[in-house]
Amino acid sequence: MTNIVILTGAGISAESGISTFRAEDGLWANHRVEDVATPEGFGRDPQLVVNFYNERRAQAADAGPNLAHTALAQLEAAHKGDLLLVTQNVDDLHERGGSSHVLHMHGALNSAMCASCQHRWPAPMKMAVGDPCPSCATPMARPDIVWFGEMPYQMDRIEQALEQADIFVAIGTSGNVYPAAGFVQMAAHYGAHTIELNLEPSAVVSQFAETRFGNATQTVPMWVNEVLED
Ligand code: NAD
């Protein structure tokens, strides 16, 4: 039985109509990262940040999972060994595509978090600045998103899975943001076969044993079929 770790990035949701971060027409073209994706930006202008994630939540709700998301759900259902799906994406298209165990290492749009006590609850479609925490009542709700300078979630669990992995596949991620960009090196170190499925080579492409380039809706179902036939 093989153990598989899958890392996904913005590229897997691109064909669902959710813009990637670095594309020229991407979401980030009109916003500075420091303004909308750092704790300092939230401290300076919480309204701008809350609006930005409200827009992203609405965009994700309008989008639907594509063939790449559903292929990974089929793999989860049929695969006999361990499988960990780690996503950097904050949308819920993996879940809506049928995956039931998704680790959102950078947080999730559909979750809100209290900046005071860290309690989490389902985010409303439109969050407002100063929404009270349902647990401690402090008016410090924030989007449950891991911003630059904050620690991604469940790193221990991810590192354990990478140590045990026989196959590590990275899908639609540019390899610019650590620690996720370092997963390939760790997986290879522990002996996994490493595969990049991407539209264009990532910043860490040279570290993968195998690479396939094309749209995720083509490369991912093809790869999943191969794994299931093995
Ligand atoms: P990215 O936008 O950096 O990269 C997208 C990747 O998807 C690229 O490699 C691209 O070639 C590929 N791609 C595009 N269309 C594709 C398709 N149809 N099929 C397959 N691949 C396709 O996104 P990322 O790597 O997920 O970014 C990592 C993290 O960076 C994000 O989760 C986010 O937390 C963080 N982030 C970065 C910035 C920034 O630096 N501007 C801003 C905010 C957040």
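When a ligand or atom number is given, it counts from 1 through the structure's own listing order. Heads up: numbering here begins at 1 and tracks the sequence.
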May I ask you to check if ligand 1 and [X] share an N or O to N or O distance below 3.5 Å?
X	result
Leu199	yes
Ala10	yes
Ala14	no
His106	yes
Ile12	no

Going by the order shown, which atoms of ligand 1 are within less than 4.0 Å of some heavy atom of [X]?
X	result
Gly172	5 (C), 6 (C), 7 (O), 21 (N)
Asn215	17 (C), 18 (N), 19 (N)
Gly214	19 (N), 20 (C)
Val33	39 (C), 41 (N), 42 (C)
Glu200	11 (O)
Phe148	35 (C), 36 (N), 37 (C), 38 (C), 42 (C), 43 (C), 44 (C)

What do we get for [X] next to ligand 1 when only non-hydrogen atoms under 4.0 Å count, side chain, backbone, both or neither?
X	result
Ser174	both
Thr20	both
Gln88	both

NZ/NE/NH1/NH2 to OD/OE distance under 4.0 Å, Arg56 and Asp91 | no

With a cut-off of 6.0 Å (strictly less than), are more than 12 heavy atoms of other residues, nucleotides or ligands near CE of Met151?
-> no

Please check if atom CD in Gln185 has more than 12 non-hydrogen atoms from other residues, nucleotides or ligands closer than 6.0 Å.
-> no

Mind telling me whether Trp147 and Tyr53 have parallel, tilted or perpendicular rings, with 30° and 60° as the class edges?
-> tilted

Measure the acute angle between the ring planes of Phe208 and Phe168, then classify it against the limits of 30° and 60° as parallel, tilted or perpendicular.
-> parallel

Listed once per pair and sorted, the salt bridge (charged side-chain N to carboxylate O under 4.0 Å, His left out) pairs that draw on residues 99-115, sequence neighbours left out = none

Where the closest heavy atom to atom 17 (C) of ligand 1 is concerned, which of Gly11, Gly9, Ala203 has it?
-> Gly11

Quick one: which of Thr219, Leu7, Asn198 has a heavy atom closest to atom 8 (C) of ligand 1?
-> Asn198

Compile the donor-acceptor pairs under 3.5 Å between side chains in residues 137-145 and protein atoms, sequence neighbours left out, one pair per line.
unit_1: Arg142; atom_1: NH1; unit_2: Glu150; atom_2: OE2; d: 2.9
unit_1: Arg142; atom_1: NH2; unit_2: Ile145; atom_2: O; d: 2.6
unit_1: Arg142; atom_1: NH2; unit_2: Glu150; atom_2: OE1; d: 3.1
unit_1: Asp144; atom_1: OD1; unit_2: Arg120; atom_2: NE; d: 3.4
unit_1: Asp144; atom_1: OD1; unit_2: Tyr153; atom_2: OH; d: 2.5
unit_1: Asp144; atom_1: OD2; unit_2: Ser111; atom_2: OG; d: 2.8
unit_1: Asp144; atom_1: OD2; unit_2: Arg120; atom_2: NE; d: 2.8

Would you say the side-chain atoms of Asp92 pair up with the backbone N or O of Ala108, donor to acceptor, closer than 3.5 Å?
-> no

Examine distances only and state if a side-chain atom of Thr173 and a backbone atom of Thr8 form a donor-acceptor pair shorter than 3.5 Å.
-> no

Please report the C-alpha distance between His193 and Glu210 in whole Å, then the side-chain angles of each, then the deciding distance to 0.1 Å, and finally whether the side chain to side chain donor-acceptor pair (under 3.5 Å) criterion is met.
-> CA-CA 8 Å; His193 178 60; Glu210 187 182 340; 2.6 Å; yes

